[in-house]
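Predicted, not measured: the structure shown is a model, and the values here were computed from it. For the numbers below, each heavy atom of this structure counts, side chains included, while hydrogens, waters and symmetry mates do not.
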Amino acid sequence: MEKRELSSDEIKNILPHRYPFLLIDRVLDYEPGISATARKCVTSNEEFFQGHFPGKQVMPGVLIIEALAQTGAVAILTEENNNSKIVLFGGIKNARFKRQVVPGDVLELTCQIITRKGPIGIGEAKAYVDGKLAVSAELTFAIDMS
């Protein structure tokens, strides 16, 4: 099967997020409604590093979770019927942080949608650095139907 990639400009056509809160740089592959794999290149210029932490820059875990959620949102919002909708958090379960993410790291983010019922979905999300698991979580998504 041919890979489906999205540039940062194409991602902005799907997600409503903008700087400084758009946390994925490129989508490496996706299957609408099923899964997505994205990349985040972490640089020392990120705004959050000004305060997290001075003298020891570590990417906040909540922002890695948000990057994973944005990856899952790409999977959901690329479905034909979900164009121009917004995906919101419905919950976070079993989040585990296995290693620190620092400037120079490249996060590979994956989200596999494992359950769907109406506008609610559950995704199995994982973030890797150099092939090693950094973060895993089960994310619940809610498609804003308004």
Applying side-chain contact (heavy atoms from CB on, under 4.5 Å) to P60 and not counting sequence neighbours gives F48, H52, V62, L63
Give every residue pair that meets the salt bridge (Lys or Arg N to Asp or Glu O under 4.0 Å) criterion with at least one member in residues 36-51, sequence neighbours excluded.
-> K40-E46
Starting from V106, walk the hydrophobic network (Ile, Leu, Val, Met, Phe, Trp, Tyr; side-chain heavy atoms closer than 4.5 Å) and list everyone else you reach, by chain and number.
-> none
Any pair with a residue in residues 96-111 that passes salt bridge (Lys or Arg N to Asp or Glu O under 4.0 Å), sequence neighbours left out, goes on the list, sorted by first then second residue, please.
-> R99-D105
Nearest 0.5 Å, what's the OG1-CG distance between T110 and L68?
-> 7.0 Å
Flag, side chain of D29 to backbone of K3, donor-acceptor distance under 3.5 Å = no
Apply side chain to side chain contact (heavy atoms under 4.5 Å, CB included) to the pair V27 and T37, showing each step before the final yes or no.
-> CA-CA 6 Å; V27 173; T37 300; over 6 Å; no
When every non-hydrogen atom of P20 is compared with those of L23, the smallest separation belongs to O-CD2, 4.1 Å
Applied to residues 60-81, the side-chain hydrogen bond (donor to acceptor under 3.5 Å, both in side chains) test, sequence neighbours excluded, yields H17-E66, E66-Q70, E79-N82, E79-R116
In terms of heavy-atom contacts, F49 and V58 come closest through CE2-C, 3.4 Å
Does any non-hydrogen side-chain atom of Y128 lie less than 4.5 Å from one of V135?
-> no
Each residue besides Y19 in its hydrophobic cluster should be listed here, by chain and number; the cluster joins Ile, Leu, Val, Met, Phe, Trp and Tyr at side-chain heavy-atom distances under 4.5 Å.
-> none
Do L139 and I14 share a hydrophobic cluster, counting only Ile, Leu, Val, Met, Phe, Trp and Tyr and linking them when any side-chain heavy atoms are less than 4.5 Å apart?
-> yes
Provide the closest heavy-atom pair for I86 versus L88 in the form atom of the first, atom of the second, distance.
-> CG2-CD2, 3.9 Å
Any residue meeting side-chain contact (heavy atoms from CB on, under 4.5 Å) with A73, in chain and number order, not counting sequence neighbours | L15, L77, V87
Side-chain contact test, heavy atoms from C-beta onward, threshold under 4.5 Å: evaluate it for T43 versus P103 and give yes or no.
-> no
What is the minimum heavy-atom distance between F141 and A69, and which atoms define it?
-> CE2-O, 3.6 Å
Any residue meeting side-chain hydrogen bond (donor to acceptor under 3.5 Å, both in side chains) with K56, in chain and number order, not counting sequence neighbours = Q100
To the nearest 0.5 angstrom, please state how far the CG atom of N13 sits from the OG atom of S84.
-> 12.0 Å
Spacing of R26 atom CZ and S8 atom OG [to the nearest 0.5 Å] = 7.0 Å
Residue list, side-chain hydrogen bond (donor to acceptor under 3.5 Å, both in side chains) with S7, at least two apart or on another chain = E10
Pairwise distance CD1(I122) to CD1(I113) - rounded to 0.5 angstrom = 10.0 Å
L28 reachable from V129 in the ILVMFWY side-chain graph, under 4.5 Å edges | no
Sequence-distant partners of A95, side-chain contact (heavy atoms from CB on, under 4.5 Å), two or more places apart | I65, I92, F97, A137
Who are the side-chain contact (heavy atoms from CB on, under 4.5 Å) partners of N83, not counting sequence neighbours?
-> none
Please round to the nearest 0.5 Å and tell me the distance separating atom SG of C111 and atom CD1 of I34.
-> 11.5 Å
Honestly curious: do M59 and F21 fall in one hydrophobic cluster under the side-chain, below-4.5 Å linking rule?
-> yes
Student check: side-chain heavy atoms of I120 and T140 closer than 4.5 Å = yes
Residue pairs meeting salt bridge (Lys or Arg N to Asp or Glu O under 4.0 Å), one or both in residues 131-146, sequence neighbours left out, come to K93-E138
Give a yes or no answer on whether the side chain of R18 reaches the backbone of K12 with a donor-acceptor pair at less than 3.5 Å.
-> yes
L109 side chain reached by I24 side chain, heavy atoms, under 4.5 Å | yes
